[in-house]
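For reference, the structure is listed below as structure tokens.
One-based numbering along the sequence shown. Note that the structure is a prediction, hence the values are computed from the model and not measured.
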Amino acid sequence: MTQEELVVKMFKALGHPIRYKIVKFLLDGPQCVCKLNENIEFSQSNLSQHLRILKDAGIVKGEKIGLNIHYSLTSDEIKKTV
């Protein structure tokens, strides 16, 4: 995938209001998926689909801690974009 294709994929992922809201929520640091679910107010399956799209675009990453997955932004460059 070229750099241009990657950037387009990132912008497409951020083009949805829910995904943009997720990224803004993660600006303060990693968050448990349970906290995301409380603040985004969508079903768990819907939230998971949005997180998968953000992961595929290289915007967020997930780390399993205990029984939960904590999501964070992949880089500080994303913070500058949002």
Side-chain angles (χ1 to χ4, degrees):
M1 183 177 291
T2 67
Q3 180 69 22
E4 187 176 276
E5 291 170 328
L6 182 60
V7 170
V8 168
K9 190 173 188 176
M10 288 177 69
F11 280 121
K12 281 184 179 179
L14 289 172
H16 192 283
I18 297 303
R19 292 191 289 268
Y20 184 74
K21 188 175 182 180
I22 291 169
V23 171
K24 293 220 18 134
F25 187 70
L26 294 175
L27 287 175
D28 293 332
Q31 296 289 332
C32 172
V33 72
C34 56
K35 291 292 182 189
L36 285 169
N37 203 26
E38 289 173 12
N39 290 308
I40 304 301
E41 299 174 9
F42 267 89
S43 68
Q44 178 66 39
S45 62
N46 194 337
L47 180 61
S48 294
Q49 290 174 0
H50 286 296
L51 287 167
R52 182 186 48 77
I53 291 168
L54 290 169
K55 277 180 74 172
D56 290 348
I59 297 170
V60 301
K61 60 184 175 183
E63 179 183 359
K64 188 165 176 116
I65 299 176
L67 298 175
N68 296 312
I69 298 177
H70 290 245
Y71 285 91
S72 61
L73 300 176
T74 56
S75 74
D76 288 335
E77 294 299 314
I78 303 229
K79 291 179 183 180
K80 295 176 187 175
T81 306
V82 182

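How far CG of Leu67 is from SG of Cys34: 10.5 Å, rounded to the nearest 0.5 Å. For the atom pair OG1 (Thr2) and NZ (Lys9), the distance works out to 11.5 Å, reported to the nearest 0.5 Å. Rounding to the nearest 0.5 angstrom, the gap separating the CG atom in Leu73 from the CD atom in Gln31 is 10.5 Å.
For the ring-ring contact (aromatic ring centres under 6.0 Å, His included) test, no residue two or more places apart in sequence or in another chain qualifies with His70. Residues that satisfy the salt bridge (Lys or Arg N to Asp or Glu O under 4.0 Å) test with Glu38, not counting sequence neighbours, are Lys35.
Sorted by first and then second residue, the salt bridge (charged side-chain N to carboxylate O under 4.0 Å, His left out) pairs with a member in residues 46-56 read Arg52-Asp56; sequence neighbours excluded.
Few gaps surround CD1 on Ile65; more than 12 heavy atoms of other groups in view lie less than 6.0 Å from it. For Glu5, the CD atom counts as densely surrounded, since its 6.0 Å shell holds more than 12 non-hydrogen atoms of other residues, nucleotides or ligands.
Minimum interatomic distance between Asn39 and Lys21 (heavy atoms only, all atoms of both residues): O-NZ, 3.7 Å. Heavy atoms only, all atoms of each residue included: Ala57 and Leu6 are closest at O-CD1, 4.1 Å.
The closest side-chain heavy-atom distance from Leu47 to Ile22 is below 4.5 Å.
No option in Ile59, Val60, Ile53, Leu51 other than Ile53 meets the side chain to side chain contact (heavy atoms under 4.5 Å, CB included) test with Arg19.
Cluster annotation: Met10 and Phe25 are assigned to the same hydrophobic cluster (Ile/Leu/Val/Met/Phe/Trp/Tyr, side-chain heavy-atom contacts under 4.5 Å, transitive). Leu27 is connected to Leu14 through a chain of hydrophobic side-chain contacts under 4.5 Å among Ile, Leu, Val, Met, Phe, Trp and Tyr, so both are in one cluster.
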